[in-house]
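To start, the structure itself, in structure tokens.
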Amino acid sequence: MFASDGGGHLFALAGSGRVWRSTTSSWFDQLDLAAASLEEFLEALARRISGQPSPGAEVDSRAAEFGDDESD
């Protein structure tokens, strides 16, 4: 694990370079793909911080990767 969103979700970097996000606040549970690479993850994070939309998309389909889904 290398990061947390402060809301209980953890992020892990795989040897392949993919970034995974925990579905719960435990690292024992399922992980979902958050980004294909660390670069993609950091770019998406920078866009979220600056309030810019994702390139080429009206709605970021991975908005939940940073804890924005309200189903938690």
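The chain is numbered in sequence order, starting from 1. Hydrogens, waters and symmetry mates are skipped; everything else that's a heavy atom, side chains included, is used.
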Evaluate whether atom CD of Glu39 has more than 12 neighbouring non-hydrogen atoms of other residues, nucleotides or ligands under 6.0 angstrom away.
no
Pairwise distance CG(Asp32) to CH2(Trp20) - rounded to 0.5 angstrom
8.0 Å
My understanding is that only residues two or more places apart in sequence, or in another chain, count here; which of them pass side chain to side chain donor-acceptor pair (under 3.5 Å) with Ser37?
none
With Leu38 via side chain to side chain contact (heavy atoms under 4.5 Å, CB included) - residues at least two apart:
Phe2, Leu13, Val19, Phe41, Leu42
Holding to side chain to side chain contact (heavy atoms under 4.5 Å, CB included), I want the full list of residues that pass it with Ser16, two or more places apart in sequence or in another chain.
Ala14, Arg18
Can a donor-acceptor pair be found, under 3.5 Å and without considering hydrogens, that links the side chain of Thr23 to the backbone of Leu31?
no
Minimum heavy-atom distance Ala34-Arg21, with the two atoms named
CB-CB, 4.0 Å
